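In this text the structure is predicted, and so the values were computed from the model without any measurement. Sequence lines set the chain letters: A, B, ... in the order given, protein chains first and strands last, and positions in each chain run from 1.
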2 protein chains.
Amino acid sequence: MTVYCKFGTALDILTGKWKSLILLRLLSNGTMRFSELQKAIPDISKKMLTQQLKELEYHDIVHREVYAQIPPKVEYSITEYGQLMKPVLQTMSDWGAGHMQHMEKLYSEEDEKGAHPSEPRRIDSLGG
Amino acid sequence: MTVYCKFGTALDILTGKWKSLILLRLLSNGTMRFSELQKAIPDISKKMLTQQLKELEYHDIVHREVYAQIPPKVEYSITEYGQLMKPVLQTMSDWGAGHMQHMEKLYSEEDEKGAHPSEPRRIDSLGG
DNA sequence: CGGTATCCGCTCTGATACTG
DNA sequence: CAGTATCAGAGCGGATACCG
């Protein structure tokens with residue numbers, strides 16, 4: 001079997017503009033409908049939400065429950081296996097928090113206005 | 001001050017096709033010259049290597065030491081601060097290892113040949 | 001409501017050539 | 001050796017329209 005990178009595997013799953021947002025919402029809210037996720041993440045398009053959820057479902061991190069009714073109702077939640085992602089998210093979040101402070105020390109607020117490589121994204125935090 | 005996402009901060013820094021590769025090499029080999037990194041990561045182009053290293057340097061994760069000589073010599077290494085990334089990398093790597101097994105159970109080897117969303121990337125592992 | 005299909009622009013990445 | 005500059009292509013992400 002081809003040797004895939006353990007690290008890259010994790011990275012791939014977290015990567016993408018929206019995956020983390022979805023995971024974070026689902027983790028704190030429990031079960032959510034498609035439309036609830038849309039509302040919770042205003043800037044995401046249906047296409048992206050669908051796509052990202054599909055990938056997460058494929059990886060057994062998100063569970064998709066379809067109710068056969070009109071109008072349709074679909075609920076998403078983190079699988080039991082998916083809960084194992086929590087420590088990963090938490091570790092990254094913790095490091096990220098520290099890093100933001102570190103960056104502030106290195107580059108003053110004034111300097112922040114200039115264009116720097118790899119500016120941090122604006123995303124909601126994990127715990128709060 | 002704008003509230004940046006702690007999690008997104010970490011993600012941004014690890015994200016990109018090559019950042020992890022560079023970090024992993026530097027972490028295990030210590031100090032490396034530009035050309036050594038190129039050799040260690042055969043498929044990366046000069047442009048990408050330069051670009052990624054610049055970003056890592058900006059984030060104080062990688063140190064760039066220039067020797068004023070002809071021909072030029074530039075050495076890269078992980079900063080002391082950058083060592084703090086290790087637990088993050090390790091956590092992700094550990095989870096990734098488990099996830100690969102989990103995926104194998106869910107989808108048989110035969111099935112792996114089909115095109116699935118978000119196939120894991122081929123990257124060298126962290127520890128070995 | 002919860003998607004899919006299509007088009008389209010932009011960024012990211014890569015190949016190549018040039019420079020100090 | 002260690003880059004920079006330039007151009008071109010692929011793929012990600014977004015807007016819109018349509019469907020069960």
K.L.:
Please list all pairs meeting salt bridge (Lys or Arg N to Asp or Glu O under 4.0 Å) that have one or both residues in residues 33-50 of chain B, counting only residues at least two apart or in different chains.
P.N.:
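As it turns out, there is no salt bridge (Lys or Arg N to Asp or Glu O under 4.0 Å) pair with a partner in residues 33-50 of chain B once direct neighbours are skipped.
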
K.L.:
What pairs of residues pass the salt bridge (Lys or Arg N to Asp or Glu O under 4.0 Å) test when at least one of them lies in residues 59-84 of chain A, not counting sequence neighbours?
P.N.:
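Those involving residues 59-84 of chain A are A:Lys73-A:Glu75.
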
K.L.:
B:Lys39 side chain N/O closer than 4.0 Å to the phosphate oxygens (OP1, OP2) of D:dC1?
P.N.:
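So the side-chain polar atoms of B:Lys39 never come under 4.0 Å of the phosphate oxygens OP1 or OP2 of D:dC1.
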
K.L.:
Rounded to the nearest 0.5 Å, how far does NE2 of B:His63 lie from CG of B:Leu56?
P.N.:
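One gets 14.0 Å once the value is rounded to the nearest 0.5 Å.
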
K.L.:
So where does chain B start and stop touching DNA chain C, 5' to 3', when the test is distance under 4.0 Å to a non-hydrogen atom?
P.N.:
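Both ends considered, the range comes out as C:dT13 to C:dG20.
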
K.L.:
Restricting to ring-ring contact (aromatic ring centres under 6.0 Å, His included), what partner residues turn up for B:Tyr67, sequence neighbours left out?
P.N.:
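Applying ring-ring contact (aromatic ring centres under 6.0 Å, His included) to B:Tyr67 gives none.
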
K.L.:
Rounded to the nearest 0.5 Å, what's the gap from CD on B:Gln51 to NZ on B:Lys19? Could you check?
P.N.:
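Spacing of CD (B:Gln51) from NZ (B:Lys19) equals 8.0 Å.
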
K.L.:
Please list each protein N or O that sits under 3.5 Å from an N or O in nucleotides 17-20 of chain D, with the distance.
P.N.:
none

K.L.:
With heavy atoms under 4.0 Å as the rule, sort A:Tyr76 into base, sugar-phosphate or nothing.
P.N.:
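Sugar-phosphate only.
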
K.L.:
With DNA chain C as reference, determine whether B:Ile70 or A:Leu53 sits nearer its 5' end, using the nearest nucleotide of each.
P.N.:
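The residue closer to the strand's 5' end, by nearest nucleotide, is A:Leu53.
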
K.L.:
Looking at side-chain heavy atoms only, is the closest gap between A:Ile41 and A:Trp18 below 4.5 Å?
P.N.:
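SC-SC contact between A:Ile41 and A:Trp18 confirmed.
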
K.L.:
Angle, rounded to 10°, between the helical axes spanning five pairs at each terminus of the helix from C:dC1-D:dG20 to C:dG20-D:dC1?
P.N.:
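So the angle between the two local helix axes works out to 40°.
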
K.L.:
What residue pairs, at least two apart or across chains, pass salt bridge (Lys or Arg N to Asp or Glu O under 4.0 Å) with a residue in residues 92-102 of chain B?
P.N.:
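Sorted pair list comes back empty.
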
K.L.:
List every contact pair, protein side and nucleotides 12-14 of chain D side both N or O, where the distance is under 3.5 Å.
P.N.:
| residue | atom | partner | partner atom | Å |
| --- | --- | --- | --- | --- |
| D:dG13 | OP1 | A:Lys17 | N | 3.3 |
| D:dG14 | OP1 | A:Lys17 | NZ | 2.7 |
| D:dG14 | OP2 | A:Trp18 | NE1 | 2.9 |
| D:dG14 | N7 | A:Lys47 | NZ | 3.3 |
| D:dG14 | O6 | A:Lys47 | NZ | 2.0 |

K.L.:
Atom CD of B:Gln83 and atom CD1 of B:Ile78: how far apart are they, to the nearest 0.5 Å?
P.N.:
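Reported to 0.5 Å precision, the distance equals 6.5 Å.
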
K.L.:
Mind checking whether A:His99 and B:Tyr81 have parallel, tilted or perpendicular rings, split at 30° and 60°?
P.N.:
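Ring orientation, 0 to 90° scale: parallel.
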
